[in-house]
Amino acid sequence: MPGLTTNYYFMRQTHLFTKTLKEAPSDEEAKNAQLLIRGGYIHKEMAGVYQLLPLGLRVIEKIKQIVREEMNVVGTQEMIATNLQRKELWERTGRWDDKVVDVWFKSELKAGGEVGLAWSHEEPLADMMKNHIASYKDLPVFVYQFQNKLRNELRAKSGIMRGREFIMKDAYSFCRNEEDHNAYYEGSKVAYMKCFERMGVGEDTFVTYAAGGAFTEFSHEFQTICEAGEDVTYVNKEKKVAINEEVYSEEMCAELGVSPDELEKVKTAEVGNIFNFGRQKGEEVGLFFSEEDGVKTPVWMGSYGIGISRMMGVLVEKFADEKGIVWPESVAPYKVHLVGLNSDDAEIKDYTDGIYTTLQRRGVEVLYDDRDARPGQKFADSDLLGMPYRVVVSKKTKEEGKFEVVVRGTAEVMYMTEEELYSRFAA
Ligand code: ATP
Ligand code: MG
């Protein structure tokens with residue numbers, strides 16, 4: 001059936017099953033979820049639990065692709081681990097206990113025995129690596145995955161920024177020694193910052209010292225300035241210094257070469273977190289390798305997370321205006337929102353269809369509002385959905401041969417001929 005095919009690069013709104021909503025559900029407090037629900041990006045199933053609808057999935061896939069490219073650059077290999085986890089394994093490291101890890105979801109097998117639902121994957125991946133790491137020659141190994149994590153979060157009031165099920169990119173490094181570990185650890189910081197820059201929040205994202213290092217005294221977090229964030233951070237934008245409130249002290253300031261009065265206290269969202277486990281995890285799990293002289297040594301481990309779905313929420317929170325979502329171009333579900341007016345006029349409708357087809361042929365990611373609706377409704381929806389460029393086609397634009405291109409989130413308006421339109425947006 002022609003008309004019913006779908007393609008990654010383009011979409012007619014008359015085919016898109018999701019509808020925009022005037023109001024978000026009354027129990028939804030967070031701006032990110034309110035806007036995403038109203039735009040038809042996500043559906044709220046229950047508190048802290050959301051389904052990703054076609055538009056939302058596209059944003060998530062774009063974020064993932066940016067992260068995937070940067071993880072690959074630093075030599076990390078993609079895989080997917082299972083979400084069902086063995087109790088014995090987590091008992092070995094003392095992390096099965098709900099008092100130690102307070103976000104476990106656990107279940108029972110009908111065949112007998114308990115399983116854990118993945119809140120993280122350090123233990124299973126370290127254990128799995130026993131099959132692949134035997135000698136120093138097998139090291140280092142770097143793996144990552146995009147995975148749904150399940151956490152029984154007590155508070156879930158931040159929309160998709162704190163889900164009970166959420167998408168994380170988690171990476172794990174397995175090294176021979178501290179030197180190799182540090183090289184990857186520092187490389188991952190650079191890779192992470194590239195990701196955040198590509199998503200448009202590079203300037204507002206800081207590597208911070210934070211509590212929670214298992215091996216070292218500190219872990220590093222990546223915190224993005226965001227009013228809706230749950231963390232408090234002291235930052236100096238010029239010096240790119242940031243300290244999490246949890247570990248903030250006058251001594252810490254001195255160590256980082258800033259005085260307390262140079263720091264600004266801001267709300268931030270933790271978008272990433274990296275840990276150094278030293279040899280402790282390898283030892284506990286029993287992941288050893290043979291050194292050159294045959295001595296069995298525990299592998300040096302690190303773990304590295306990015307909150308993929310939280311990131312989507314942070315981008316909505318940071319860039320939205322009073323009319324709706326404003327996507328950075330790098331993660332927008334479609335680059336161009338083609339809005340057809342006067343669609344009751346068959347000639348104009350054909351003409352607009354033609355522009356849509358040409359944009360497709362030129363490889364432009366385009367969402368086409370081909371609905372039979374009032375202009376006011378179309379513009380309001382277009383503002384809510386937040387594509388970077390809105391191109392309006394009407395009887396008037398056809399006659400004048402000039403198209404008004406509105407850059408979402410700015411006051412900028414460009415005027416283009418039909419040909420300019422194609423060349424400007426072609427991939
Ligand atoms: P938080 O302090 O926000 O609870 P965390 O320290 O528990 O985060 P990690 O276990 O290091 O987080 O997870 C890696 C990343 O996953 C975090 O940096 C964050 O971006 C994201 N993340 C953690 N918990 C959630 C959640 N409940 N919903 C969405 N994203 C999350
Ligand atoms: Mg947490």
Side-chain angles (χ1 to χ4, degrees), residues 30 32-33 36 42 44-50 52 56 59-60 63-64 67 71 90 95 98 100-105 116-123 125 144-173 185 188-189 191-193 195-196 199 201 205-216 218-226 228-233 242 244-247 267-277 281 301-318:
N32 65 82
L36 289 166
I42 61 172
K44 184 173 187 172
E45 186 64 21
M46 60 180 105
V49 182
Y50 300 89
L52 276 177
V59 177
I60 289 291
I63 296 174
K64 279 166 64 176
V67 174
M71 293 313 291
W90 289 90
R95 298 213 286 178
D98 291 330
V100 178
V101 172
D102 61 1
V103 291
W104 271 119
F105 278 111
L117 307 185
W119 64 275
S120 186
H121 278 87
E122 283 95 1
E123 273 73 348
L125 291 197
Y144 74 101
Q145 61 175 345
F146 295 102
Q147 240 256 8
N148 281 21
K149 297 288 188 271
L150 294 146
R151 293 190 183 180
N152 206 338
E153 303 276 3
L154 188 60
R155 286 185 74 252
K157 294 187 188 317
S158 296
I160 62 163
M161 288 171 65
R162 182 169 300 284
R164 295 198 162 102
E165 181 177 10
F166 62 96
I167 303 168
M168 195 201 284
K169 182 287 297 175
D170 43 327
Y172 303 90
S173 65
Y185 193 87
S188 80
K189 279 189 196 164
Y192 272 33
M193 280 313 296
C195 293
F196 301 130
M199 293 176 216
V201 292
T205 302
F206 299 84
V207 184
T208 74
Y209 283 84
F215 167 73
T216 40
F218 301 110
S219 69
H220 288 102
E221 288 175 352
F222 293 77
Q223 295 278 357
T224 304
I225 295 177
C226 177
E230 295 179 15
D231 290 26
V232 172
T233 307
N244 199 301
E245 189 181 41
E246 292 171 8
V247 299
K267 295 280 288 297
T268 56
E270 180 194 315
V271 289
N273 200 349
I274 59 179
F275 290 93
N276 177 2
F277 286 111
K281 187 75 61 192
M301 243 188 104
S303 84
Y304 311 79
I306 291 185
I308 299 293
S309 46
R310 177 176 292 180
M311 197 67 222
M312 176 170 165
V314 168
L315 295 176
V316 172
E317 293 279 347
K318 280 189 79 70

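Predicted, not measured: the structure shown is a model, and the values here were computed from it. Order of listing sets the numbers, starting from 1, for every ligand and every atom in it.
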**Prompt:** Considering only the protein, which heavy-atom contact is closest to atom 13 (O) of ligand 1, and what is its distance?
**Reply:** Met168 CE, 3.3 Å
**Asked** Taking Tyr50 for the side chain and Phe166 for the main chain, is one N or O donor matched with an acceptor at less than 3.5 Å?
**Response** no
**Request:** May I ask you to identify the nearest protein heavy atom to atom 15 (C) of ligand 1, giving residue, atom name and distance to one decimal place in Å?
**Result:** Gly307 N, 3.9 Å
**Message:** Among all the protein's non-hydrogen atoms, which is closest to atom 4 (O) of ligand 1, and how far away is it?
**Reply:** Arg162 NH1, 2.9 Å
**Message:** My understanding is that we take every heavy atom of each candidate and find the minimum distance to atom 20 (O) of ligand 1. Doing that for Met311, Glu270, Met161, Lys169, which one comes out nearest?
**Reply:** Glu270
**Request:** In plain terms, say whether Lys281 and Glu122 are close enough for a salt bridge, that is, a side-chain N and a carboxylate O under 4.0 Å apart.
**Result:** no
**Item:** Phe146 atom CZ, over 12 foreign heavy atoms within 6.0 Å
**Value:** yes
**Closest protein heavy atom to atom 7 (O) of ligand 1, given as residue, atom name and distance to 0.1 Å** = Arg151 NH1, 2.9 Å
**Request:** Mark up the atoms of ligand 1 that fall under 4.0 Å of a heavy atom belonging to Val271, in ascending order.
**Result:** 18 (O), 20 (O)
**Prompt:** Taking it one step at a time, do Met161 and Cys226 satisfy side-chain contact (heavy atoms from CB on, under 4.5 Å)?
**Reply:** CA-CA 11 Å; Met161 288 171 65; Cys226 177; 4.2 Å; yes
**Item:** Short N or O distance, Ser309 and ligand 1, threshold 3.5 Å exclusive
**Value:** no
**Prompt:** To the nearest 0.1 Å, how far is atom 31 (C) of ligand 1 from its closest protein heavy atom, and which atom is that?
**Reply:** Phe166 CE1, 3.3 Å
**Request:** Report the C-alpha distance between Tyr304 and Ser173 in whole Å, list the side-chain angles of each, state the deciding distance to 0.1 Å, and finish with yes or no for side-chain hydrogen bond (donor to acceptor under 3.5 Å, both in side chains).
**Result:** CA-CA 8 Å; Tyr304 311 79; Ser173 65; 2.8 Å; yes
**Request:** Examine distances only and state if a side-chain atom of Gln223 and a backbone atom of Glu270 form a donor-acceptor pair shorter than 3.5 Å.
**Result:** yes
**Asked** Below 3.5 angstrom, do we get any N/O pair linking Gly163 and ligand 1?
**Response** yes
**Request:** Answer yes or no: are there more than 12 heavy-atom neighbours, outside Lys157 itself, under 6.0 Å from its atom NZ?
**Result:** no
